[in-house]
Amino acid sequence: MRIAPLHAWALPAAEAVELQRALAAKVRERPLRRAPRLVAGIDCGYSRREDRLYAAVVLCRLPGRTPHSPVEVETVEERVVTARPRMPYIPGLLSFRELPPVLECLERLEHAPEAVLVDGQGRAHPRRLGIASHLGLILGIPTVGCAKSLLVGVHAVPGRRRGSRRALLHRGETVGCALRTRDGVAPVYVSVGHLADLAGAVRLVLAATAGFRLPEPARRAHHLATMARLKDEGGQ
DNA sequence: GCGACAG
DNA sequence: ATCTTGTCGC
Ligand SMILES: [Mg+2]
């Protein structure tokens with residue numbers, strides 16, 4: 001897919017924060033198409049030894065109408081890009097570290113995703129511009145954040161069954177939700193990235209989850225990034 | 001000033 | 001994120 005550069009990436013923290021405030025105003029929350037089928041997952045790994053990032057994207061086709069999980073998810077395309085990090089990890093500025101190689105992965109995809117699932121937050125961010133929202137603005141397609149832990153916000157404990165959810169609140173706003181994707185397993189944190197609504201984001205995460213805590217596209221991207229890192233480290 | 005803090 | 005062994009539950 002074709003991606004237009006939006007801004008520079010290696011910025012002093014204070015400038016990155018200002019850029020986030022400007023970009024956050026452009027994020028749009030709106031109903032997500034009922035059933036996106038071609039969904040990409042993105043993730044990024046890191047080797048301390050090599051001081052390198054391993055970005056991965058896996059494009060998946062979700063099944064149409066399937067009453068129960070586990071759903072059958074098919075991998076359509078996958079890409080890996082390795083790069084030296086341009087920024088350290090700073091809580092709140094994750095996208096500035098991980099997006100550059102992720103965008104290269106997406107550029108090398110033949111098919112354009114209908115939506116992207118991101119390992120990290122969307123609007124559930126101090127300035128409402130988590131990595132999923134930032135990526136959505138650059139791509140101009142719907143994105144959803146699905147994080148394994150919390151950056152900001154508070155929530156009640158969801159019921160123990162898959163599908164149970166409780167709102168995630170931050171400064172008086174609902175910024176996402178804690179969603180149980182498996183019975184009795186720790187919830188994930190779902191938030192709107194861009195061009196989606198929370199109900200649609202939750203539907204997509206549940207529709208893409210096939211027997212594991214994380215939705216398949218994101219889980220497969222994480223696995224692919226890990227394999228790339230291990231291959232790099234193993235080959236001395 | 002102190003603590004919290006996606007990946 | 002990575003580092004790193006054992007341990008718990010199905
Ligand atoms: Mg990750």
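Note that the structure is predicted; figures quoted are calculated from it, not measured. Side chains are part of it too, since the values below use all heavy atoms of this structure and drop only hydrogens, waters and symmetry mates. Proteins come first, then strands; the chains are lettered A, B, ... in the order of their sequence lines, and each starts at number 1.
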Check: So, is A/Arg229 close to the C/dT2 phosphate, meaning a side-chain N or O under 4.0 Å from OP1 or OP2?
Finding: yes
Check: What about A/His155 and A/His170, are their ring centers closer than 6.0 Å?
Finding: no
Margin query: Under 4.0 Å, counting only non-hydrogen atoms across every strand here, what does A/Ile42 touch: a base, just sugar-phosphate, or nothing?
Written below: nothing
Next item on the list: Could you state the atom-to-atom distance from CG of A/Leu230 to C1' of C/dT4 in whole Å?
Entry: 14 Å
Next item on the list: Would you kindly give the CG-to-P distance between A/Asp51 and C/dC3, to the nearest whole Å?
Entry: 13 Å
Next item on the list: Would you mind reading off the distance between A/Gln121 atom CD and B/dC5 atom P, rounded to a whole angstrom?
Entry: 12 Å
Check: Hey, does A/Leu150 reach any base, or is it just sugar-phosphate, or nothing, if we go heavy atoms under 4.0 Å?
Finding: sugar-phosphate
Note to self: Would you say A/Tyr46 places a side-chain N or O within less than 4.0 Å of OP1 or OP2 belonging to B/dG7?
What the structure shows: no
Note to self: Please report the distance, rounded to the nearest Å, between OH in A/Tyr54 and C1' in B/dG7.
What the structure shows: 16 Å
Check: Could you state the CG-C1' distance from A/Leu93 to B/dG7, rounded to the nearest angstrom?
Finding: 12 Å
Checklist line | Atom of A/Ile42, atom of A/Val57 and distance for their closest heavy-atom approach | finding: CG2-CG2, 3.9 Å
Margin query: Please give me the minimum heavy-atom distance between A/Pro91 and A/Tyr89, naming the atom from each residue.
Written below: CA-OH, 3.6 Å
Check: Any side-chain N or O of A/Ser47 less than 4.0 Å from the OP1 or OP2 oxygen of C/dA1?
Finding: no
Notebook entry, point to check: Below 4.0 angstrom, N of the basic side chain to O of the carboxylate: do A/Arg162 and A/Asp183 qualify?
Noted result: no
Notebook entry, point to check: Is the phosphate of B/dG7, meaning OP1 or OP2, less than 4.0 Å from a side-chain N or O of A/Arg48?
Noted result: no
Notebook entry, point to check: Can A/Tyr189 be said to stack with the base of B/dA6, given centres closer than 5.5 angstrom and planes under 30 degrees apart?
Noted result: no
Item checked: Atom-pair distance (CZ on A/Phe96; P on B/dG7), nearest Å -> 18 Å
Next item on the list: Figure out the CZ/C1' separation between A/Arg86 and C/dA1, and round it to whole Å.
Entry: 18 Å
Notebook entry, point to check: Between B/dA6 and A/Lys148, is there an OP1 or OP2 to side-chain N/O distance shorter than 4.0 Å?
Noted result: no
Notebook entry, point to check: How is A/Gly145 classified with respect to the nucleic acid when contacts are heavy atoms under 4.0 Å: base, sugar-phosphate, or nothing?
Noted result: nothing
Note to self: Between the side chains of A/Glu114 and A/Arg33, is the shortest nitrogen-to-carboxylate-oxygen separation below 4.0 Å, so that they form an ion pair?
What the structure shows: yes
Next item on the list: Find the distance A/Arg49:CZ to C/dT2:C1' and express it as a whole number of Å.
Entry: 13 Å
Next item on the list: Tell me whether the OP1 or OP2 atom of B/dG7 has a side-chain N or O from A/His222 closer than 4.0 Å.
Entry: no
